[in-house]
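Accompanying notes for the structure given below.
Sequence lines set the chain letters: A, B, ... in the order given, protein chains first and strands last, and positions in each chain run from 1.
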There are 2 protein chains.
Amino acid sequence: MTNSSALFAFYNLLIRHYERWEVIEKGKLMEGAGRGGKTTAKRRPRQRVLQRDPERTRAAILEAATQEFAENGMGGARVDAIAERAGTNKRMLYHYFGDKEQLYLHVLEEAYVGIRTAERALHIGDRSPEEGISDLALFTWRYFLKHPEFLSLLGTENLHRARWLRQSVRLKELHSHLLGELEQVLERGKKAGVFIASADPLNVYLTIASLGYFYLSNQYTLSTIFGRELSEPDNIDAWEQQIVHVTLASIKA
Amino acid sequence: MTNSSALFAFYNLLIRHYERWEVIEKGKLMEGAGRGGKTTAKRRPRQRVLQRDPERTRAAILEAATQEFAENGMGGARVDAIAERAGTNKRMLYHYFGDKEQLYLHVLEEAYVGIRTAERALHIGDRSPEEGISDLALFTWRYFLKHPEFLSLLGTENLHRARWLRQSVRLKELHSHLLGELEQVLERGKKAGVFIASADPLNVYLTIASLGYFYLSNQYTLSTIFGRELSEPDNIDAWEQQIVHVTLASIKA
DNA sequence: CATCAAAGTAACTGTTTAGTTACTGGCCGG
DNA sequence: CCGGCCAGTAACTAAACAGTTACTTTGATG
């Protein structure tokens, strides 16, 4: 047994070095690589400008993973594809993020941090209650429009019943700010007599998010079955107006 | 070359029959099988009552595939898992449906036929315009509530930009009935002065569907980030009222 | 009751996959 | 200016995967 396994190891060594020679000698390097052209400098490493940059590599992996998970879901995403998109190697991915699941969780957390951070900059309480609500509706819609990968990640995470989001420790207190500010705006509107007394912050937010989310995330099947291209600018604009109209109509006194 | 391949074939034969002997002799049959206990009768096939039933097998595969695709998406679904759930064999799945993609398309088509068929039985034009709209909203919401697998399949299909639905020939004329009937109801309401002139059939349907779809399909992440269990009966009932309220408020004159 | 096509089975195959290992080479503190 | 550490690489592995093959069983038909 020891003999044959030693023989096998030697055979592997042979194969390995033969293949390497083949690669170097025949110039077979990276035929179908990613978009970036930064993969050539293998034979003369000195040509590269910056070779070791942990921060940049980490960020590239996170960005690539966001794309891959958004396009293919957790089940369909491929670790090799992420590494290639990031212009790096699978080993680095495991080095920085542990495994596929933890990488996915990082991507998801980053996406939530993104929208909640942008939301905070809104200050919906600064103008009249009606303008505040319509600002929130417009912001949410336009953020969804600009960040389809966020919607996609939400869909994937819900397919798995929030299996990974539940494990997140970073996200517990991230969302309370939104509901708090929204409640203040609604209260001011009720006192001013422009909003009905039953208007509820969570319901209002869910209404706004529903109308934006469904239109965008289901646009492909909807366009197909109803024979109307929902992604056309005119239809997009019309739906933006519909969202503001519906939201305000549902709480107006 | 011929010699060694004959040797290889003989080796395979040996392995194969050794393994079969091992399975039969040592009683290794189906340790971790599915829920059903109907897998034992392997050594004595005569014990089974009804062994050949194409219709039932086909239906079982379709049902099992619906569950598997809904739970795991197209990328995450496993062909072996579908066969096991159906209490049959992978070979049958390929026999009846060709391959994984065609099976998925059948599941998707069946799901759409389901909701559109139930919708036709509604006859929303039979009562007052307002009751018609509220009936449609209630029906849609309750159908979504009863058929989470439909919502899940929609999500999966949209993740892939309706790649398979677009190929479907069965579904082109299935959906026009809904918009036609809805338009008639809206027209009657406008003439009676209870609906605004700008009320549009597609917008109204999208509004109804949005509110139901988002709440249910995103309930897991929403419950997590807002710390309120959306699946609780009280919250479900409250949202049903919200849907009817919002829909009517958005078109009332 | 022999035949034969369709229904059904389980083992097999080539490929893809997440994750690992063994190695290389640049860079910073001494 | 050098030695060890760490970013980075590519080849490897075991398991899982979709799809196939070779074969057996069943029941309707002559």
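No side-chain donor from either of A:R116 and A:H177 sits under 3.5 Å from a side-chain acceptor of the other.
Here A:E71 pairs with A:R85 in a salt bridge; the nearest charged N to carboxylate O distance falls below 4.0 Å. Under a 4.0 Å N-O distance rule, the pair A:E68/A:K100 does not qualify as a salt bridge.
Atom CE of B:M92 is separated from atom P of D:dT24 by 16 Å (rounded to the nearest Å). The nearest whole Å value for the distance from the CG atom in B:N89 to the P atom in D:dA18 is 14 Å. Taking atom CG on A:L93 and atom P on D:dA7, their separation rounds to 15 Å, with Å as the unit. At whole-Å resolution of the value, CD in A:E101 and P in C:dT17 are 17 Å apart. For the pair B:Y94 OH and C:dT13 C1', the interatomic distance rounds to 13 Å; values are reported in whole Å. Rounded to whole Å, the distance from CZ on B:F69 to C1' on D:dA18 is 12 Å. Per the geometry, CD belonging to B:E84 stands 15 Å off C1' belonging to C:dT9, to the nearest Å. Rounded to whole Å, atom C1' of C:dT16 lies 12 Å from atom NZ of B:K100.
Mapping B:R91 and A:D99 onto DNA chain C by nearest heavy atom places B:R91 at the nucleotide closer to the 5' end.
Between B:H95 and C:dG8 there is no side-chain N or O to OP1 or OP2 distance below 4.0 Å. Note on A:R78: a side-chain N or O is less than 4.0 Å away from OP1 or OP2 of C:dA18. At C:dA7, none of the side-chain N or O atoms of B:T57 fall inside 4.0 Å of OP1 or OP2 (strictly under the cut-off). Between A:Y96 and the phosphate of D:dA7, there is no side-chain N or O to OP1/OP2 separation shorter than 4.0 Å.
Counting heavy atoms from C-beta outward, A:L211 and B:L206 have side chains that stay 4.5 Å or more apart.
A:A83 comes within contact range of no nucleotide atom at all, as no heavy-atom separation falls under 4.0 Å.
A:F144 and A:Y215 have their aromatic ring centers separated by at least 6.0 angstrom.
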